[in-house]
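Quick note on labels: first sequence line is chain A, next is B, and so on, each numbered from 1. Please read these numbers as outputs of a predicted model, since none were measured by experiment.
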2 protein chains.
Amino acid sequence: MRKPTIRDVAKEAGVGVGTVSRVLNNSQQVSTETREKVLAAIAKLGFRPNRIAQRLSRGTRVQNIGVILPFITSPSFVERLRGVQMALSEDDNEYELILYNVSSPERYQAQLATIAQQRLVEGLLVISLDVSQEHREMLTQAGIAFVGVRGLGSNSWPCVGPDNVAGGKLATEYLLSLGHTRIAYVGDDFPDEYSFPTSQDRFTGYASALEEHGIEVNLDYVRLGRYGRDEAKRLTAELLELADPPTAIFAMSDVQALGCISAIREAGLRVPEDVSVIGFDDIEISYYVGLTTVRQHLVESGRLGMRYLLQLLREDGGDVPRLPPLEVIERQTTAPPPG
Amino acid sequence: MRKPTIRDVAKEAGVGVGTVSRVLNNSQQVSTETREKVLAAIAKLGFRPNRIAQRLSRGTRVQNIGVILPFITSPSFVERLRGVQMALSEDDNEYELILYNVSSPERYQAQLATIAQQRLVEGLLVISLDVSQEHREMLTQAGIAFVGVRGLGSNSWPCVGPDNVAGGKLATEYLLSLGHTRIAYVGDDFPDEYSFPTSQDRFTGYASALEEHGIEVNLDYVRLGRYGRDEAKRLTAELLELADPPTAIFAMSDVQALGCISAIREAGLRVPEDVSVIGFDDIEISYYVGLTTVRQHLVESGRLGMRYLLQLLREDGGDVPRLPPLEVIERQTTAPPPG
DNA sequence: GATGGTCATGGAACCGGTTCCATGACCGCC
DNA sequence: GGCGGTCATGGAACCGGTTCCATGACCATC
């Protein structure tokens, strides 16, 4: 039993399709009596106009751009999204933004396939997610341009984002420069749920900075877990119970850094006098709470990513834009080690 | 000069429309030679397939739901949006989410008109914005259901949100119950840029609580300005310079409350020992910084709003859902007045 | 009673793709 | 040489609306 069309309604009401259309569009040119008949038929059949057909015949030309991102749960995604919005509103506004949110890793692949198949969007911005070779091909086949906003890696596709290895190194070097030697790393499990190696990359940078200073990586100081404040807090509590606890912690994200700080305070220690903490991201909260962190220009990455995508859609091509360099933002959670 | 269609391409390439379509869809059933000819014609004419027509003929049935909200700048919008996403992903997922963001108040009205005219969406969720009588009629005419997620008021249309007057009263009563009598109010100008009376309503609650306790509203204690942390900080600095400064501040939003706290600390005073601060919203940051506030269930409001909209689209009707009651969340920024 | 205007109405043509069916070329095999 | 099969191809029909044009009813006017 297929959905009723305007012709079914016309037949049911005993009128022509034109009349039904006029009723639907509130034309004045319909007698009250006929209108009633048509409305009755519509109600009876449960008819709902097909928007696609409406738009085709009206000639409305709307272009869509898709943005896909993990469930809006982490502040860093939100900031990137904010940048995306900026780029879009700076533009001519000829595109509508369709937001796809990935609520579970399992569904992500299927969503990409659906996006390619539906061809609803002209372009897709992929925020903080990876796209497999297979899905890249699907998108290309469907004629959908795509750009990533995420950490750089061995990218075989255009991405705007930070070099996480360099960032991890930068954070660790900053702690080393303050005189710390017992430096812990708190991060996500590798590889994380979306099989995206952020934590791993930042750890690599951490390890290489230590190594360059002749410090061996102490696996007791490396604590990995699920992303989130509470898990980071738990991991930090474990660190503080070590016989030889770290004097500084590099948390792979600001959210996790906040968990670290909270654990340190609950253990009766002070930040930064007893333990220093540096985060990564520079989300808005960090400014409020005075967290020292590595600024990765989140808003700007969303903005540049979208801008580049728009450029691709206009077939201007051009180089992938680059973010300003990563920088350590010194606030109040880092200091030289005690003693 | 209208855009080239598939028929133009077919003519140009000297083939049938079916063949062009096959090339577009990477069918195996086309000889290399023909494919080349078609591709050349496509390139020459600058042909781009019309997605609308594709979808109509393919029979793809995608429904869209629109969400319109002020530029993603305030955390409270983001939390509401998060709730929206939750509702949508709990559902059958038959809808795509189109995000409209209002970057300037002037453009807002025009955007609503465009939305009504385009008829791209089946329903519209309006977050933290007002919809005039005129625009409500336009939406209704276009057959677009809409629901608001914003403070209740003299609503002639369905909205899910807090009672701001009651909330303002609740916050003020809490401060009164601690023993404060010199209580200031820091909020947005009325009416604000989007002509939405949040600040006014919360102030009304504030005034009525004071009145019920026999305290006259002291206009020196009422400071209004642009929304934002820095402005609130400035206003608070002014308050602290009064001959008889307040011992407690009710900030109309958590973001503003953070500005208040920062001003108090910069003035060499302690929170809450010298001055208490209560906010409004209970955004995520408030948890991290230990801000006492009025919880208005932001995430839940987005969720319920979207859920109700989906229900309307299924024509189940039903009552507008109600949020759990507002509640004061006591944290570390409020205490009895000094002395 | 003929003329002309207004108005509600039916229905064909159209929007721009996809898909299915008929056609004819070409090949291999009996 | 006739037959059946495969394969590339053209083009009509279709998706489900909107719009325009022709039609005929009805009324007022001369």
Problem - Side-chain ion pair, A:Glu90 and A:Arg303, N-O less than 4.0 Å - result: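 A salt bridge links A:Glu90 with A:Arg303.
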
[atom1] of [X] versus [atom2] of [N]: gap in Å, rounded?
X	N	atom1	atom2	answer
B:Asn26	C:dG17	CG	P	16 Å
A:Ile6	D:dG17	CD1	C1'	6 Å
B:Arg58	C:dC15	CZ	P	20 Å
A:Asp8	D:dG16	CG	P	9 Å
B:Lys3	C:dG17	NZ	P	10 Å
B:Arg55	D:dC14	CZ	C1'	18 Å
A:Ile52	D:dT18	CD1	P	13 Å
B:Arg119	D:dG16	CZ	C1'	15 Å

Exercise for the section: Any chance you could lay out the side chain to side chain contact (heavy atoms under 4.5 Å, CB included) test for A:Leu99 and A:Val67, step after step, and finish with the verdict? Expected result: CA-CA 5 Å; A:Leu99 203 63; A:Val67 172; 4.1 Å; yes

Handout entry: A:Asp319 backbone acceptor or donor facing A:Gln311 side chain under 3.5 Å
Key =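 Here the side-chain-to-backbone pair does not exist.
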
Practice task
Check whether any side-chain N or O of B:Asn50 sits under 3.5 Å from a backbone N or O of B:Ile52 as a donor-acceptor pair, and report yes or no.
Solution key: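 Yes.
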
Fill in the blank from the handout: Closest to the 5' end of DNA chain D, once B:Ser57 and B:Arg35 are matched to their nearest nucleotides, is B:Arg35

Practice task
Hey, could you give me each pair passing ring pair (Phe, Tyr, Trp, His ring centres under 6.0 Å) that has a residue in residues 10-34 of chain A? Not counting sequence neighbours.
Solution key: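 For residues 10-34 of chain A, and leaving out neighbouring residues, there are no ring pair (Phe, Tyr, Trp, His ring centres under 6.0 Å) pairs at all.
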
Handout entry: All pairs passing ring pair (Phe, Tyr, Trp, His ring centres under 6.0 Å) where residues 116-150 of chain B contributes a residue, at least two apart
Key =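 As it turns out, the ring pair (Phe, Tyr, Trp, His ring centres under 6.0 Å) pairs with a partner in residues 116-150 of chain B, which skip direct neighbours, are B:Phe146-B:Trp157.
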
Practice task
Test B:Met306 against every option in B:Ile127, B:Val84, B:Val149 by the side chain to side chain contact (heavy atoms under 4.5 Å, CB included) rule and name the one that passes.
Solution key: B:Val84

Handout entry: Phosphate OP1/OP2 of C:dG16 contacted by B:Gln54 side-chain N/O (<4.0 Å)
Key =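 So the side chain of B:Gln54 is outside the cut-off, no N or O lying under 4.0 Å from OP1 or OP2 of C:dG16.
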
Handout entry: Phosphate contact (C:dT18 OP1 or OP2) by B:Asn25 side-chain N/O below 4.0 Å
Key =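 The answer is yes; a side-chain N or O of B:Asn25 sits under 4.0 Å from OP1 or OP2.
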
Fill in the blank from the handout: Winner on side-chain proximity to A:Ser21, out of C:dT19, D:dC15, D:dT19, is D:dT19

Identify all pairs in which a protein N or O lies below 3.5 Å from an N or O of nucleotides 11-13 of chain D, and state each distance.
unit_1, atom_1, unit_2, atom_2, d
D:dG11, O6, B:Arg22, NH2, 3.1

Show which side-chain atoms of residues 7-15 of chain A pair as donor or acceptor with protein atoms under 3.5 Å away, not counting sequence neighbours.
unit_1, atom_1, unit_2, atom_2, d
A:Asp8, OD2, A:Arg2, NH2, 3.3
A:Asp8, OD2, A:Thr5, N, 2.8
A:Glu12, OE2, A:Lys44, NZ, 2.9

Detail all sub-3.5 Å separations between protein N/O atoms and N/O atoms belonging to nucleotides 4-8 of chain D.
unit_1, atom_1, unit_2, atom_2, d
D:dA8, OP2, B:Gln29, OE1, 2.9

Handout entry: Qualifying residues under salt bridge (charged side-chain N to carboxylate O under 4.0 Å, His left out), relative to B:Asp163, sequence neighbours excluded
Key =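 For B:Asp163, no residue satisfies salt bridge (charged side-chain N to carboxylate O under 4.0 Å, His left out) once neighbours in sequence are set aside.
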
